[in-house]
Amino acid sequence: MKFTAYGGAREVGRSAFILEEKNRRVLLDCGVMLGEKVHFPLFPEGMERGIRDVVVSHAHLDHSGYLGQLIHNGSRPAIHGLKPTKDLIGVLLADYHRIGKNVEFTEDDIAQVNKRFRAYNFRQEFNAGGFRTSLYNAGHILGSAMTLLQGSKRVLYTGDISMRGTRLLDGCERNLSADALILEGTYGNEELPGTKASVDKLIHEIKETIKEGGHVIIPSFAVGRGQDILFLLENYMRSGALPHVKIYMDGMVKKAMKIYRQNIPYTKEEVQKRVLMSSDDPFASKHFFVPKSKDRKDVLAEPCIIVSTSGMLSGGPVLLYLKELGDNPKNKLIFVGYQAEGTRGREILEGAKKIMIDDEEVELRLKIAEVRLSGHAGKSELLQFAHGIKGLKKVILVHGELEGLEALARNLEKDYEVEIPSVLEEIKI
Ligand SMILES: [Zn+2]
Ligand SMILES: [Zn+2]
């Protein structure tokens, strides 16, 4: 068996891996790397047309964002994944098409992605490029899956995983059996703070600002963290641990919430139960609001909590709020997700007091806070996960910076054969 990374090796972004042997061949994920420039997977000239099967682990664009371009370039693949992934990709690709720079693929290509998508349930067996394939809960976002492929050997690809679970999702499945593991290592060199400590900090920061009569702005990714935060706040408000103010959702978070609601069977049992007892449907919570007007007058009028895209302040309504609320020291901006190099979010975290929005200089006098709430597994969780796989012989580390992957490798080497492939390097399994 042969494994080749065309992106997502020794880097985070543009995940695209080919697994093949004799008459079997499948592409695992098909993402882009978003930053100041968009980077595509490094497929050699002419290769894309030959791609017949893609399994998509989850909807985040670093795993799915190249699907439109792949079809634009002449590939006619069957796309395999869970039902919520299909729904979320539709929204995320359309958004990427709308706001992305130099996007070549068309709305027709997006329609093709939707048409070619074959949606499955957890554990349902299907054929992907000749491999007997099934998908298991990865605990990362709605519809995120680990992919188990059986050819002459069993290979498990994690995609992005989280062990902890959230208000909405159970943690990833453990103790599967596989000969080889393709493991993500986003936080390979870092222990993440416990969920409880992070949540306590978030609640404390919000209470403080509400008490002072300020607005809380939480920039969030459209899918994943946004819903986790909204449900967390709803929980605390319902129990009285947070004062009753309006929780506004704005931008793509809003659209993604609808898709979460339509895919309730993929959330954890506790959420399903609440939805079924319609008097307590958390999606219809009386604490959630959406802005009534384009100028957001209602949101700006009174102290409240705003959860809005985009997560790194690269666009979206969150910028409008920053313009309107940024100069008041009573207000607070709370970061809950990773801020990449070169983004406004990172600039502010590193202490910038003035930022540019639409050629306008915006002075920032509001308070800044950071709370780590990750949808990924930390170092020891990743190690624990690998050690739980039965029959495991080989580990291939991807989706991480080299330093983090090497730290993981040092801890896995005594028990397994470990590889840290570069992009375009062939690995034997
Ligand atoms: Zn992800
Ligand atoms: Zn990812």
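Ligands are counted one by one from 1 in listed order, and the atoms in each one are counted from 1 as well. Just so you know, these numbers use all the heavy atoms, side chains as well, and skip hydrogens, waters and symmetry mates.
Here H58 meets the criterion, with an N, O or S atom under 2.8 Å of the Zn ion (ligand 1). The Zn ion (ligand 2) lies at 2.8 Å or more from every N, O or S atom belonging to H60. Taking backbone and side chain together, H399 holds an N, O or S atom under 2.8 Å from the Zn ion (ligand 2).
The Zn ion (ligand 2) is the vertex of the angle joining NE2 of H63 and OD2 of D62, which measures 90° to the nearest 10°.
For the pair H399 and L405, the minimum side-chain heavy-atom distance is 4.5 Å or more.
The only member of Y157, Y6, F43 that meets ring-ring contact (aromatic ring centres under 6.0 Å, His included) when paired with F17 is Y157. Under the side chain to side chain contact (heavy atoms under 4.5 Å, CB included) test applied with N73, the options M47, R49, E48 reduce to a single match, E48.
Between the side chains of R116 and Q112, a donor-acceptor pair is found at a separation under 3.5 Å.
Within D160, the N/O/S atom positioned nearest the Zn ion (ligand 2) carries the name OD2.
Enclosure of atom CD in E107 is not indicated, since only 12 or fewer non-hydrogen atoms of other residues, nucleotides or ligands lie within 6.0 angstrom.
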